[in-house]
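These notes concern the structure reproduced below.
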Amino acid sequence: MVEEGGVDRGSGGAAAAAEPLELWLLQAQKLVPLALEKAMEVKVFPGRWKMIVSKLEQLPSRLSDLSSHPCFSKNALCKEQLQAVLKTLKEAIELAELCLGEKFEGKLKMQSDLDSLSGKLDLNLRDCGLLIKTGVLGEATLPLSVSGCSSQWESTDYSSIKELLARLQIGHMESKHRALDSLVEILKEDDDNVLSIFGRNNVAALVQLLTATSPCIREKAITVICLLAESGSCENWLVSEGVLPSLIRLIESGSAVGKEKAVISLQRLSMSAETARAIVGHGGVRPLIELCKTGDSVTQAAAACTLKNISVVPEVRQTLAEEGIIRVMIKLVDCGILLGSKEYAAECLQNLTASNDALRKAVVSEGGLRCILTYLDGPLPQESAVGALRNLVNSVSKEVLLSLGFLPRLVHVLKSGSLGAQQAAASAICRVCNSPEMKKLIGEAECIPLLIKLLEAKSNSIREVSTQAMSSLMTLSQNCREVKRDEKSVPNLVQLLDPSPHNTAKKYAVACLGLLSSSRKCKRLMISYGAIGYLKKLSEMDTPGAKKLLDKLEKGKLRSLFSRK
C-alpha cells in the first residue's frame with residue numbers, strides 16, 4: 001500500500017517560508033554529519049541503526065545534486081524538500097540521543113519509531129532524485145493552491161501544472177492529496193490542455209495512488225486516470241505501469257464512484273486485444289460479470305461493453321464461457337437497464353458464437369436464440385443481434401427455427417433494420433436456405449423484393465451478400481419467377497456485372513442472370529442495360545458462368561437481328 005503517514009511538507013510557517021533557500025541547504029548540510037556521528041555511536045538496535053547510517057551517508061550527494069541545479073533557488077518544491085530533510089535529520093538526532101541514554105519508553109515503540117525514520121529517509125532520498133528526473137526544476141512554479149483562481153489555462157500556466165504533476169510523485173501522502181485535489185479542480189475546466197502535459201512518471205504516480213488506503217484519494221486518482229484513459233493519449237503507459245490489477249480491485253471492492261470510473265477506464269483500455277487478454281489474465285472477467293448483474297445503468301453498460309471488447313479475442317472466449325458470461329449476456333439482452341447494455345450484450349453473443357460450435361450450442365441451450373429473436377421485434381434492429389442470430393441458425397432444426405418466429409423477424413430486419421443488420425439478415429438467408437422447403441418458405445415470406453432493393457446499396461459487402469442470397473433462392477423455380485416479375489431485378493443485377501476488383505458481387509450476379517436467361521424478356525433487358533459488354537470482360541477474367549451467359553445473349557441478339565430482316 002502507498003504510505004499515508006508523515007509530515008505536511010508545506011508546513012514550515014510564514015517565518016520559515018521567508019528564509020532563503022540557501023539557509024535551509026546550509027542547515028541540512030550541517031546536520032547530516034551530526035546525525036551520522038550520533039547514529040554511529042548507538043549500540044542498541046544495531047541492525048536498524050546500521051540501515052539508517054547507510055541512508056544518512058547518501059544524503060550529502062543528493063543534496064549536492066539538488067543544489068547544483070541552475071533553477072534550484074527558483075523552485076518552491078526545493079524549499080519543501082529541504083524542510084522535509086531537515087525535519088528527518090532532527091528526528092534522527094533525537095532518536096539517537098534517546099537510544100544513547102537508553103531513555104526510550106519501550107523497545108517495541110522505539111523499533112517502530114526507527115522503522116518510521118528509515119522510511120522517511122528513503123522518501124527523502126527518492127524525492128531528491130525525482131526532483132531532478134522530473135524536469136520540474138526547469139520551471140518557475142506557482143503556489144500549490146488553485147483555490148480562488150479561474151482555473152483557466154490563461155491563469156493556470158504550464159509550469160504550475162508541471163509542479164502539480166511533480167507533487168504527485170514527491171513527498172508524503174498529505175502533500176500528494178492536496179496536489180491531486182488541485183489537479184482535479186483544474187481538469188474540470190481544462191482537461192485537454194492538462195492531459196497533454198502528462199508524462200510516464202506522472203501516470204506511474206497516479207497508478208500508485210490507486211492503492212492508497214484512503215478511499216477519497218483513490219476516488220480522485222481514478223477520476224484522473226479515467227480521463228487519461230478516455231483521452232486515448234496514455235493507454236500504453238497506464239497498462240505498462242500496472243493499472244489493470246488496481247482497476248479490477250476497485251471494481252470488486254471500491255466505492256460507487258471508484259467502480260464507475262474503474263470500469264469506464266477498462267472499457268476504453270480493453271479495445272486493445274493485448275490489454276483484453278491481460279484483463280482476463282488478471283482475473284477481471286468475474287468482477288465485470290458481477291457488475292453486469294448488480295451495477296447501475298452506467299456501470300452495467302460499461303461492464304457489458306468491456307466484456308464485449310474482450311470477447312473479440314478468439315482465444316479467451318472459452319474462458320469467458322467458463323466464468324458464466326453466456327447466461328448473463330442473454331439476461332442483459334432481455335432486460336438490460338439501458339439500450340446500450342442490450343446492444344453490447346448482443347454483440348458479445350455475436351462474438352462468442354462466431355466460430356465455436358460448442359459455444360453456439362451453449363447459447364441455444366440457455367435460451368439465447370429465443371431471446372435474440374424477441375429482441376429483434378424493436379423498431380430499429382441492429383447488426384449485433386442479427387449477427388448473433390446468423391451464427392445460431394444452423395445450431396437448431398429448421399422446425400425449431402420456424403416455430404420461434406424466425407421468418408417474420410427476418411422480414412422485419414430486411415425492412416427496418418440498420419444497413420449492417422440487413423446485411424447480417426441476408427447472410428442468415430444464405431446459411432438457412434439449403435433445402436427446397438426453406439427456400440420456398442423464405443420466398444413466400446416476401447424476402448425477395450427486399451433483397452432486390454438491397455442490390456442498390458452503396459456498400460459493396462451488402463450488395464455481395466444480398467446477391468449471394470438471391471442466387472441461392474432462385475434455384476427454386478417459383479422464386480425465380482418472383483425475381484422476373486420485379487422490374488428492378490435485371491437492371492440492378494446487370495449493374496453488378498461491373499468487372500472492377502472492388503465489386504465482389506459479380507460472380508453471384510452472373511449466377512442470378514444465368515437463371516433468368518431462359519426468359520426472352522429478361523435477355524432483352526440484359527442486352528439493353530449493357531450486359532454483353534460487361535460479360536465480355538468477365539469472360540476474359542474467367543468468371544464462372546460469364547462465357548455461357550454471354551453466348552446466350554449474343555445468340556439471342558443475332559436471332560433478333562435476323563427476325564427484323
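Residues: numbered from 1 along the sequence shown.
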Discussion item. Run Leu369 and Val363 through side chain to side chain contact (heavy atoms under 4.5 Å, CB included) and show every step you take.
Written reply: CA-CA 7 Å; Leu369 184 56; Val363 171; over 6 Å; no
Worksheet item: Please walk me through it: do Arg317 and Ser355 pass side chain to side chain contact (heavy atoms under 4.5 Å, CB included)?
Response: CA-CA 10 Å; Arg317 289 172 185 161; Ser355 57; 3.5 Å; yes
Worksheet item: Step by step, would you call Leu516 with Cys480 a side chain to side chain contact (heavy atoms under 4.5 Å, CB included)?
Response: CA-CA 7 Å; Leu516 294 174; Cys480 195; 4.0 Å; yes
Item to complete: Check step by step if side chain to side chain contact (heavy atoms under 4.5 Å, CB included) holds for Leu338 and Gln300.
Response: CA-CA 8 Å; Leu338 297 177; Gln300 184 186 79; 5.9 Å; no
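Results of the side-chain contact (heavy atoms from CB on, under 4.5 Å) test with Lys398 over Leu441, Val393, Asn434 single out Asn434 as the only residue that passes. Of the residues listed (Leu288, Ile330, Leu352), the one engaging Ile325 in a side-chain contact (heavy atoms from CB on, under 4.5 Å) is Leu352, and it is the only one. Results of the side-chain contact (heavy atoms from CB on, under 4.5 Å) test with Ile448 over Glu482, Lys453, Arg485, Met474 single out Glu482 as the only residue that passes. The side-chain contact (heavy atoms from CB on, under 4.5 Å) test with Arg360 is passed by exactly one of Asn394, Leu392, Leu349: Leu392.
Taking both residues in full, the closest heavy atoms of Glu260 and Thr299 are given as CA-CG2, 3.6 Å, listed atom of the first, atom of the second, then distance. When every heavy atom of Leu195 is checked against every heavy atom of Leu227, the shortest pair comes out as CD1-O, 3.8 Å. Across all non-hydrogen atoms, the minimal contact from Leu380 to Ser418 is CD1-N, 4.0 Å. The two residues Pro287 and Ile248 make their nearest non-hydrogen contact at CG-CG2, 4.0 Å. Closest approach of Lys440 and Asn479 over heavy atoms only: N-ND2, 4.4 Å. The heavy-atom pair separating Trp237 from Phe198 by the smallest distance is CZ3-O, 3.6 Å.
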Which donor-acceptor pairs under 3.5 Å do side chains of residues 263-270 form with protein atoms, sequence neighbours excluded?
| unit_1 | atom_1 | unit_2 | atom_2 | d |
| --- | --- | --- | --- | --- |
| Ser265 | OG | Lys261 | O | 2.8 |
| Arg268 | NE | Glu235 | OE2 | 2.9 |
| Ser270 | OG | Leu266 | O | 2.9 |
| Ser270 | OG | Gln267 | O | 3.0 |
| Ser270 | OG | Asn309 | ND2 | 2.9 |

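Rounded to the nearest 0.5 angstrom, Ile462 CD1 and Leu454 CG are separated by 7.0 Å. Within the model, atoms CD1 of Ile217 and CD1 of Ile222 stand 14.0 Å from one another, a figure rounded to the nearest 0.5 Å. Rounding to the nearest 0.5 angstrom, the gap separating the CZ atom in Arg370 from the CG atom in Leu373 is 9.0 Å. A distance of 3.5 Å separates CD1 of Ile225 from CG of Leu210, quoted to the nearest 0.5 Å. The SG atom of Cys433 sits 4.5 Å away from the CG atom of Leu473 when rounded to the nearest 0.5 Å. For the atom pair NZ (Lys507) and SG (Cys512), the distance works out to 12.5 Å, reported to the nearest 0.5 Å.
Checked by atom type, the side-chain pair Glu343/Tyr375 shows a donor-acceptor distance below 3.5 Å. No side-chain N or O of Ser519 forms a donor-acceptor pair with one of Lys484 less than 3.5 Å apart. Under the 3.5 Å distance criterion, with hydrogens and angles disregarded, no donor-acceptor pair is assigned to the side chains of Ser384 and Gln350.
With salt bridges taken as basic N to acidic carboxylate O contacts below 4.0 Å, none links Asp498 and Lys506. Look at Lys555 and Asp551 and you find no salt bridge, because none of the NZ, NE, NH1 or NH2 atoms lies under 4.0 Å from a carboxylate O. For Glu252 and Arg249, the salt-bridge test fails: no basic side-chain N is under 4.0 Å from an acidic carboxylate O. The existence of a salt bridge linking Glu315 and Arg277 is confirmed by a sub-4.0 Å separation between a basic side-chain nitrogen and an acidic carboxylate oxygen. Ion pairing of Lys537 with Glu540 is absent here, as no side-chain N (NZ or NE/NH1/NH2) approaches a carboxylate O to less than 4.0 Å. Taking 4.0 Å as the cut-off between side-chain N and carboxylate O, Asp334 and Lys331 do not count as a salt-bridged pair. Using a cutoff of 4.0 Å between basic side-chain nitrogens and carboxylate oxygens, Lys293 and Glu290 are scored as salt-bridged.
Taking 4.5 Å as the limit, every side-chain heavy atom of Pro215 sits out of range of all side-chain heavy atoms of Ser255. Two residues are said to be in side-chain contact when any heavy atoms from C-beta on lie closer than 4.5 Å; Leu228 and Leu206 meet this criterion. Annotation: side chain of Ile337 is not in contact with side chain of Asp296 (no heavy-atom distance under 4.5 Å). Side-chain contact between Thr211 and Ser246 is present, with heavy atoms from C-beta onward closer than 4.5 Å. The closest side-chain heavy-atom distance from Ser311 to Met329 is not below 4.5 Å. By the 4.5 Å heavy-atom criterion applied to side chains, Ile279 and Val285 are not counted as neighbours. With contacts defined as side-chain heavy-atom distances shorter than 4.5 Å, the pair Leu493/Tyr529 does not qualify. A heavy-atom distance below 4.5 Å is found between the side chains of Cys292 and Leu307.
Taking a 6.0 Å sphere around CZ of Arg286, one finds it holds 12 or fewer heavy atoms contributed by other residues, nucleotides or ligands. With a 6.0 Å radius and a threshold of 12 heavy atoms from other residues, nucleotides or ligands, Arg200 has its CZ atom above the threshold. At most 12 non-hydrogen atoms from other residues, nucleotides or ligands lie less than 6.0 angstrom from CE of Met271. No more than 12 heavy atoms of other residues, nucleotides or ligands lie within 6.0 Å of CD in Glu274, so this atom counts as exposed by the packing criterion.
Shown here are the side chain to side chain donor-acceptor pair (under 3.5 Å) partners of Gln478, two or more places apart in sequence or in another chain: there are none.
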